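Let me begin by presenting the structure, written as structure tokens, before commenting on it.
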Amino acid sequence: MATTLLNVDGINVYYGAIHAIKDVSFHVEEGEIVTLIGANGAGKTTTLQTISGLLRSKTGSITFEGKNISAISPNKLVSHGLAQVPEGRRIFLQMTVEENLEMGAYTQPSGGVAQDLERVFSLFPRLKERRRQVSGTLSGGEQQMLAMGRALMSHPRLLMLDEPSMGLAPLLVEQIFEIIQNLNHNGSTILLVEQNAQMALSVAHRGYVLETGKVVTTGTGSELIESPDIKRAYLGG
Amino acid sequence: MTFLSHIITGLSLGSIYAIIALGYTMVYGIAKMLNFAHGDVIMVGAYVCFFAVTSYQLPAILAVPLAMVVCTILGIVIERLAYKPLRQAPSLAVLITAIGVSYFLQNSAQILWSASPKSFPSLFTVGGNKSLGLFGGQLQISYTAMATVLACIVIMLGLTWFTGNTKMGKAMRACSEDKAAAQLMGINVNFTISMTFAIGSALAAVAGVLMCSAYSYLLPTTGSLPGIKAFTAAVFGGIGSIPGAFLGGVLLGLIETFTKAYISTDLSDAVVFAVLIVVLLVKPAGLLGRYVPEKV
């Protein structure tokens, strides 16, 4: 039996008077890919930002490896083993590829950084070719790889990806999802937020469907992909 | 010979502007705020050095680091008490607060040290001489001017190295681009901003000592005008850019000195600001600045 890595229990998040997340609960087991899908504005990104501490929940709890992390500041969560690839990638555009990766290793002892760089470069050979390049000059796909590589530099036990397919050409989307599956096969646990429900459900072990801040359906990836409701609402058929 | 001596005066004045501008630009780049109290930290640094040298007979080699330490602490305290609570506030609120801090420092200095000017001693002498005579004494270069230009170059190179090669320096650049993303990397943004204020304020102390040493005159309002001119220099060179602040400061000092020498002393400030306006019309981001469209 796998152990529960992340447990989100009954969180409620507000933007001023707007009740953005309503009693959301879900969990991620070690070794899984879990996806949160839903339309724009359903609360997917808000949920991730609450887990990473950029936003706060009024109620409920978020536990990671059995520890309550709901009150920990975002910059301390990295050393607890959580890393987030934020929506829109948010890489440091004026810094080089290598410097971006070094920032990902900010909490790591400096002795291991060179080795981690090589590990990330072997996953993303394109980044190695461009290591000295200012990252603002990278293509969208390369920037997404850099954002993922940067997150991996901290040896996360849970990698949270927010809309990795956003703004990418279909071929690149497939490539990114292949990489996500590879990472998972190599032992990474992944929480994936996606608008591209088809792609997300095809790689995920389990999924949760969010609608206007609430979890409305849950199931395994294949169950959800076959469900008529989901097909109608999110898969265009 | 007079031309050469104007160049030296201009370089030394410009180096003072540049050192102040470097502090402005660091704080703006990372905290995204204009710290209008920066000029008054200069004044505090100069007073600390003044009393250390005159009342406590400390040698300059101890008095200058003491002024730097006091200003570093002052900078961190100002940031913690006045600016940190306003991190989420509109930038106008922060700007007004900074102006308030500036007046607070000036008035405190007046209460503590009186409004009457102090005659600042010359700190940089070699064998009792204040300046080095060249060409049979036709050209006099003050040791203060030499120390100022040297300090400015060392500081500029040091900061460039620091932000490009150290973990803390890179974290500062990361914060300057995207604070939320920096936090997700595990960077403590508040600590990084504190460190920026610490560095900027230590530089302000150096600038204060060098400036008062060159012009031997110290008042509670001493830092105010140079602060504004250095801010101009930072904008001139491209605010947020370290080489830009250096270039802007040096150019401003040269323009000011040459205007005083060949056009009119009274018009020098007007010319300086006119040049700024022209530069900003042609290059809105400043000489070395990058134009970044505002995110909406």
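If you're wondering where the values come from, they're calculated on a predicted model, not measured in any experiment.
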Out of Ala181(B), Ala174(B), Gly164(B), which one racks up the most heavy-atom pairs below 4.5 Å with chain A? Ala174(B)

Measuring only between side-chain heavy atoms, which start at C-beta, is Val78(A) closer than 4.5 Å to Met185(B)? no

Evaluate the side-chain proximity of Asn75(A) to Ile187(B): yes if any heavy-atom separation is below 4.5 Å, no if none is. no

Drop me the distance from Asp162(A)'s CG to Leu184(B)'s CG, to the nearest 0.5 angstrom. 10.0 Å

In Å and rounded to the nearest 0.5 Å, what is the OG to CD distance from Ser73(A) to Gln183(B)? 7.5 Å

Please report the C-alpha distance between Met103(A) and Arg173(B) in whole Å, then the side-chain angles of each, then the deciding distance to 0.1 Å, and finally whether the side chain to side chain contact (heavy atoms under 4.5 Å, CB included) criterion is met. CA-CA 10 Å; Met103(A) 287 296 102; Arg173(B) 282 160 60 212; over 6 Å; no

Between Gly186(B) and Tyr106(A), which heavy-atom pair has the shortest distance, and what is it? O-CD2, 3.5 Å

Heavy-atom pair count under 4.5 Å with chain B, highest-scoring of Val85(A), Leu82(A), Leu93(A): Leu93(A)

Return yes when atom NZ of Lys22(A) has more than 12 non-hydrogen atoms of other residues, nucleotides or ligands closer than 6.0 Å, and no otherwise. yes

Evaluate whether atom CZ of Arg80(B) has more than 12 neighbouring non-hydrogen atoms of other residues, nucleotides or ligands under 6.0 angstrom away. no

Should Lys167(B) and Glu102(A) count as an ion pair when the cut-off is N to O under 4.0 Å? no

Which bit of Glu87(A) comes within less than 4.5 Å of chain B, counting heavy atoms only: side chain, backbone, both or neither? neither

What part of Leu77(A) lies closer than 4.5 angstrom to a heavy atom of chain B: side chain, backbone, both or neither? neither

